[in-house]
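First comes the structure, then the notes that go with it.
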Amino acid sequence: MPGKIIVLPETLTHRIAAGEVVEKPASIVKELLENALDAGATEISVELEKGGCQAIRVVDNGEGIAPEDVPLAFTRHATSKIAVFEDLYRVRSFGFRGEALPSIASISRVEMVTRRAASPAGTRVIIEGGAIREQTDAGCPAGTSVRVSRIFETIPVRRKFLKGEMTEQGYCLDWITRLALARPEIRFRVSAGGRTLLNIPAAKDFAERIALTLGRDIWGQLVPAAGERDGAALKGFVSRPEFTRSSNAQIYLYVNGRFVKDYLLNHAVMTAFRRIIEPRRYPAAVLFLSVPPGDADVNVHPTKMEVRFRNPRGIYALIVEALGNAIGVGKGDTMRHHPPVADERAGSSAARNAYAARVEEALKRYRISSGPEKLFFGRPGASPPEKRLSPAAAISRDSRPETEQQEEKRRFSDLVYLGQVAGTYLVFSGEDGMVIVDQHAAHERILFEGLKRRAAETHGGAPGQRLLIPEVISLPPRDLSFLTESIPILEEAGMEVEAFGGDSVVVKAVPSFLSDAEVRMLIGDLISECMEGDSNLPLMERRERIFTALACRAAIKANRALRGPEVESLCRDLDALPRNATCPHGRPLMVAVSKGELEKLFKRR
Ligand code: ADP
Ligand code: MG
């Protein structure tokens, strides 16, 4: 009988390896851009067709590839960037594995046209299924143009895993933004479906680049941060404590010019802010860390988003200290601007533990939202959470939200209000026991239903509250495209937003229950909440998310004392709700404990 073990054919091993490098269109954009940067290009343009799902073209004016090297560029482990092992620790280029082009070519059709400045003729090559189909001389400008099409055509499973075009385009824009931030001297142009999305001229410094890439609004909130320690240096910008976001999407971290998503570094950033910003809020930051080549290993992960430091503690301390100085933590007086800090600082070790818990919480969210990246810092062997388990899910598992039938009979206005517990839960006594209502969840549901009703009644376009002075807001590319796509939904909610040219939108009206909201923050939060995960949700779902985010924003917060009349009006509104007992996030808004259950608790039964 023949043995069971066979050597896999090369076409298959290549595809397997490609899976590690090329996960989605954005991975292709990243690799092609990095190659262009490594080739010393000063101008790069990117064209995306169907959000990068159909085709991606990157054109650069870099050094080009000599005709005899072109086939090598598509050969696995062929690179011009390192030659001996020690080079691994000295690399300053993005690439060094020689894997990107062959990986891309194994899952798509690639057409490359390239010419070195010194040679009169260029080369045109077409690669399909990883093999060269055609190589000819070509007249072309100096530099390289790579067009990748039929992406994942031979791997239907991968194709199926792609999200919608807008989402994939968002991922592509994310990578372009990350690279553009790191290389201010390079001009970037990006178009999609024939429309220019981005045109960032060469900038003289990081400051100018950040302003142009992330938008003037974020830029206006940043302060410089810098520090040095044991040969490592940090420079960059970080937001003032007053400016926060509801996700960590605006934290950009780089090690030796390379964008990373690294647990240790994020932990350090959150630690610097932990006494100053509220739980589950995140700063914006663009931070560049440089360490001596031998002190950081970027060769950990195929997509190279993690690093390993020789002296992680030193790096951690450097960041906490530099950011602390930048935002004025520890300099007594500046703390006064942040009242919660003042009490908590004076407070006990319990308060300090609370901070620690918050940071932990923040970091947990970070870990989850940053995907499958492994941890190397933290509890050894800690497995990444499989799925985001919302506190809601936890609650509904071990308590008993009301069944719909029971609720059919209940009228909140008939209950006797007893008081508030933990600043958040309203406790009522009713005929057959006790009812506990989560004030935030309940109010959120009320506002959410109100939005839906008004949208339906007015057929899109519930009149909102017009702003006295329309607010012009400039946004990073991905946020901008998301927001402009969502204009019709926002309109239904009474929110009037229009494209304002360049990277800006103008907000003219907001839902009336949000008339006191700070518009900039509102838009920022709306975007980060709705873009978490798949931003190409079906229209209905996107609408639900936007309505939810608006309702959440305006709803009575937890930890706010409610006066009697407020409770009464909440009860009336609850009675008017359609009967389903969850907040729009899916958390129960109330829990009923029946008389029978109380008796059981006290062992009377
Ligand atoms: P790596 O970047 O890790 O070396 P790649 O597969 O991305 O591997 O590229 C292989 C080689 O092809 C590079 O080392 C480089 O010499 C050449 N190359 C790729 N893209 C370009 C480009 N845009 N301009 C010039 N040379 C390029
Ligand atoms: Mg490369």
Side-chain angles (χ1 to χ4, degrees), residues 10 13-15 17-23 25-47 56-85 87-108 110-119 121-127 130-132 135 138 140-148 175-176 178-179 182-183 186-189 256-259 297-305:
E10 223 177 49
T13 54
H14 285 186
R15 266 196 212 169
E20 292 191 347
V21 181
V22 188
E23 190 200 339
S27 336
I28 299 175
V29 169
K30 167 188 182 267
E31 295 296 340
L32 296 181
L33 282 179
E34 289 188 344
N35 280 347
L37 292 168
D38 284 347
T42 55
E43 288 191 14
I44 303 178
S45 70
V46 184
E47 286 164 45
I56 295 165
R57 193 158 102 108
V58 173
V59 182
D60 69 55
N61 65 349
E63 64 181 7
I65 309 177
E68 63 275 21
D69 277 348
V70 169
L72 275 175
F74 290 93
T75 305
R76 201 155 288 277
H77 308 304
T79 178
S80 56
K81 299 168 194 173
I82 57 171
V84 292
F85 179 74
D87 289 348
L88 260 186
Y89 291 91
R90 290 194 285 263
V91 284
R92 286 283 166 176
S93 58
F94 286 110
F96 56 80
R97 291 165 175 265
E99 270 179 345
L101 287 181
S103 295
I104 293 168
S106 73
I107 53 97
S108 66
V110 178
E111 178 174 348
M112 177 190 267
V113 184
T114 182
R115 180 167 75 83
R116 294 182 69 87
S119 52
T123 311
R124 176 168 173 271
V125 65
I126 294 176
I127 292 158
I132 295 186
Q135 179 168 350
C140 57
T144 305
S145 143
V146 182
R147 183 169 191 276
V148 181
W175 263 113
I176 296 165
R178 291 163 184 173
L179 289 164
R183 302 292 295 271
I186 315 287
R187 167 174 199 159
F188 285 87
R189 267 173 297 196
N256 292 348
R258 199 185 281 284
F259 177 85
D297 184 359
V298 291
N299 192 19
V300 187
H301 192 264
T303 53
K304 296 169 291 221
M305 293 257 269

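The structure displayed is predicted, hence computed values, not measured ones. Numbering of ligands and ligand atoms starts at 1, following listing order.
With respect to the salt-bridge test (charged N to carboxylate O, under 4.0 angstrom), the residues Arg189 and Glu43 qualify.
In this structure, of Asp69, Leu101, Thr114, Thr79, the residue bringing a heavy atom nearest to atom 9 (O) of ligand 1 is Leu101.
Of all the heavy atoms of Asp60, the ones lying under 4.0 Å from any atom of ligand 1 belong exclusively to the side chain.
Where the criterion is an N or O separation shorter than 3.5 Å, residue side chain and backbone included, Ala39 fails it with respect to ligand 1. Geometrically, ligand 1 and Met112 share no nitrogen or oxygen pair separated by less than 3.5 Å. Considering both main-chain and side-chain atoms, Asn35 comes within under 3.5 Å of ligand 1 through a nitrogen or oxygen pair.
Within the 4.5 Å cutoff, no side-chain heavy atoms of Asp60 are placed close to those of Leu33. The closest side-chain heavy-atom distance from Leu37 to Phe94 is below 4.5 Å. Under the 4.5 Å side-chain criterion, counting only non-hydrogen atoms from C-beta, Asn35 is not in contact with Val146. Side-chain contact check for Pro141 versus Asn61: every heavy-atom pair is 4.5 Å or farther apart. Using a 4.5 Å heavy-atom threshold, the side chains of Val22 and Ile28 count as touching.
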- [ ] Give the intermediate values and the outcome of side chain to side chain contact (heavy atoms under 4.5 Å, CB included) for residues Ile65 and Thr123.
- [x] CA-CA 8 Å; Ile65 309 177; Thr123 311; over 6 Å; no
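A heavy-atom separation below 4.0 Å is not found between Gly62 and ligand 1.
Below 4.0 Å from some heavy atom of Ala100 lie the following atoms of ligand 1, by number and element: 6 (O), 7 (O). Near Pro102, with a cut-off below 4.0 Å to any heavy atom, the atoms of ligand 1 are 6 (O).
None of the N, O or S atoms belonging to Thr79 lies under 2.8 Å away from the Mg ion (ligand 2).
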